[in-house]
*Asks:* 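Attaching a single structure in structure tokens format; questions to follow.
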Protein chains: 2
Amino acid sequence: MLTTEEIVERMSAQGLRITDQRKTLAKLFADTPGYLSPKAVYEYMEKTYSGLSFDTVYRNLRVMEELGVLEQVVFEEGVKFKLHCRENHHHHHLICLNCGKTYPITFCPMEKTEVPENFNVVKHKFEVFGYCEACG
Amino acid sequence: MLTTEEIVERMSAQGLRITDQRKTLAKLFADTPGYLSPKAVYEYMEKTYSGLSFDTVYRNLRVMEELGVLEQVVFEEGVKFKLHCRENHHHHHLICLNCGKTYPITFCPMEKTEVPENFNVVKHKFEVFGYCEACG
DNA sequence: CTTGATGCAAAGAGTTTGCACATAG
DNA sequence: CTATGTGCAAACTCTTTGCATCAAG
């Protein structure tokens, strides 16, 4: 996982300006072991930056996504963001329905899935949802 | 899979009125072997019913979903609907990225997934995307 | 200084809701 | 007949965009 400093460096290296807001965003994601909705991010940031606007949050989330720092996933409840996994290996996730925290699953179901010859596989999605120890 | 008549009967049995639009919707989904977006449904229906409104399409999709005739899935590109799978067995899908057609996968990755004891699994999602024979 | 970041307002997509009129049963 | 379905308009949520101002480098 990336640290706050590594995220900031990475943004800086791409020629992005390091504003207080971006530093705070970097810290938020470095400290959060799971998914955050744009709304959750906004509510967290709002505490520090009164007068914050939603569009800036979105813009920064997009910037960090394009930079490869964040990854976006679509859930039933909407879009969420988390630090991009830097695992050396392809993997999947256990996701806590309460706190959003994720745990890696090393097993990839594609190994065991029989696909008809005439079907050309491009990608797959495997996610397990439930409650982590802390959330019951 | 349900036939047009079975869908109509099912709606009728629930006290829903069988309008021409609902008959056409039933036929559309009975004949479609994959996912349809609300927009695609609207565009199909519009051909027959000029002056059709989007809200009626949405209302009928919701009604059919609540009835258990349709199932809704959230993709990156948005929400889509298909006939609810009536397979006797839990299963997953191969989904064609071009035509939306689906093929069942009998293998369920949960059988092979090791979950930490302290994680209480509630549900899972496994979907394989690619191109079917017809779509290359 | 100069370019990129921010806030504000407004615009868009997608979806839902209230109401009056039309129509299935 | 009577209650449900439909179209219309408007509201709502989530997200993006244009523009003037502000501040990082």
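Note that the coordinates shown come from a computational prediction; the quantities given were computed from them, not determined experimentally. Every chain is numbered from 1, with letters handed out A, B, ... down the list of sequences.
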*Asks:* If we ignore hydrogens and angles and just use 3.5 Å, is the side chain of B:Ser12 paired with the main-chain N or O of B:Val8 as donor and acceptor?
*Replies:*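 Not a single qualifying donor-acceptor pair exists.
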*Asks:* For B:Tyr58 and D:dC8, give me the distance from atom OH to atom P, rounded to whole Å.
*Replies:*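 Taking atom P of D:dC8 as the reference, OH of B:Tyr58 is at 17 Å.
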*Asks:* Check whether any side-chain N or O of A:Tyr44 sits under 3.5 Å from a backbone N or O of A:Thr24 as a donor-acceptor pair, and report yes or no.
*Replies:* no
*Asks:* Taking only the side-chain nitrogens and oxygens of A:Ser53, find out if one of them lies under 4.0 Å from OP1 or OP2 of C:dG7.
*Replies:* yes
*Asks:* In terms of the nearest nucleotide of DNA chain C, which residue is placed more toward the 5' end: B:Leu16 or B:Phe54?
*Replies:* B:Phe54
*Asks:* Would you confirm whether B:Gln72, through its side chain, and B:Val79, through its main-chain N or O, come within 3.5 Å as a donor-acceptor pair?
*Replies:* no
*Asks:* Rounded off to whole Å, could you give me the CD-to-C1' distance for the A:Glu76 and C:dT15 pair?
*Replies:* 16 Å
*Asks:* How bent is the helix from C:dC1-D:dG25 to C:dG25-D:dC1, comparing axes over its five end pairs at each side, to the nearest 10°?
*Replies:*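 One end's axis against the other's: 30°.
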*Asks:* Could you tell me the separation between the CZ atom of A:Arg62 and the P atom of C:dA5, rounded to a whole number of Å?
*Replies:* 16 Å
*Asks:* Whole angstroms only, please: what is the CG-P distance between B:Leu61 and D:dG5?
*Replies:*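 Taking CG of B:Leu61 and P of D:dG5, I get 14 Å after rounding.
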*Asks:* Nearest whole angstrom, please: distance from the P of D:dA24 to the CG of A:Asp20.
*Replies:* 7 Å
*Asks:* Would A:Glu66 and A:Arg62 count as a salt bridge (charged side-chain N to carboxylate O under 4.0 Å, His left out) here? Give the steps.
*Replies:* CA-CA 6 Å; A:Glu66 278 154 30; A:Arg62 290 275 160 258; over 6 Å; no
*Asks:* Roughly how many Å is it from NZ in B:Lys23 to C1' in C:dT23, rounded to a whole number?
*Replies:* 13 Å
*Asks:* Quick one: is B:Arg22 getting a side-chain N or O under 4.0 Å of the D:dG5 phosphate, OP1 or OP2?
*Replies:* yes
*Asks:* Which heavy atom of A:Pro116 sits nearest to which heavy atom of B:Leu94, and what is that distance?
*Replies:* CD-CD1, 3.4 Å
*Asks:* Which nucleotide wins on minimum distance to the side chain of B:Asp55, given the candidates C:dA5, D:dC8, C:dG7?
*Replies:*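 The answer is D:dC8.
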*Asks:* With a 4.0 Å cut-off on heavy atoms, is A:Gly15 in touch with a base, just the backbone sugar-phosphate, or nothing at all?
*Replies:*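 No contact.
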*Asks:* Provide, to the nearest angstrom, the distance between the OH atom belonging to A:Tyr42 and the P atom belonging to C:dT6.
*Replies:*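 Rounding to the nearest Å, OH of A:Tyr42 and P of C:dT6 are 14 Å apart.
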*Asks:* Select base, sugar-phosphate, or nothing to describe what A:Gly51 touches, counting heavy atoms under 4.0 Å on all strands.
*Replies:* sugar-phosphate
*Asks:* On DNA chain D, check which nucleotide each of B:Asn60 and A:Ile18 is closest to and give me the residue with the more 5' one.
*Replies:*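 Whichever sits nearer the 5' end wins; that is B:Asn60.
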*Asks:* Using atom types as modelled and distance alone, determine if a side-chain donor or acceptor of A:His92 lies under 3.5 Å from a backbone N or O of A:Phe126.
*Replies:* yes
*Asks:* Would you say D:dT6 has OP1 or OP2 under 4.0 Å from some side-chain N or O of B:Arg59?
*Replies:*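 Answer is no, no contact under 4.0 Å.
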*Asks:* Among the nucleotides D:dG7, C:dT2, C:dT6, which one has an atom lying closest to any side-chain atom of A:Arg17?
*Replies:* C:dT2
*Asks:* Using a strict threshold of under 4.0 Å (side-chain N to carboxylate O), is an ion pair present between A:Lys39 and A:Glu43?
*Replies:*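 Yes, charged N to carboxylate O under 4.0 Å.
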*Asks:* Please give, in whole Å, the distance from D:dG5 C1' to B:Leu52 CG?
*Replies:* 13 Å
*Asks:* Side chain of A:Thr19 only, please: which of D:dT6, C:dT6, D:dT16 is the nearest?
*Replies:*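 For the A:Thr19 side chain, the nearest candidate turns out to be C:dT6.
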*Asks:* Whether the side chain of B:Thr113 engages the backbone of B:Pro109 through a donor-acceptor N/O pair (distance < 3.5 Å, no angle test) should be reported.
*Replies:* yes
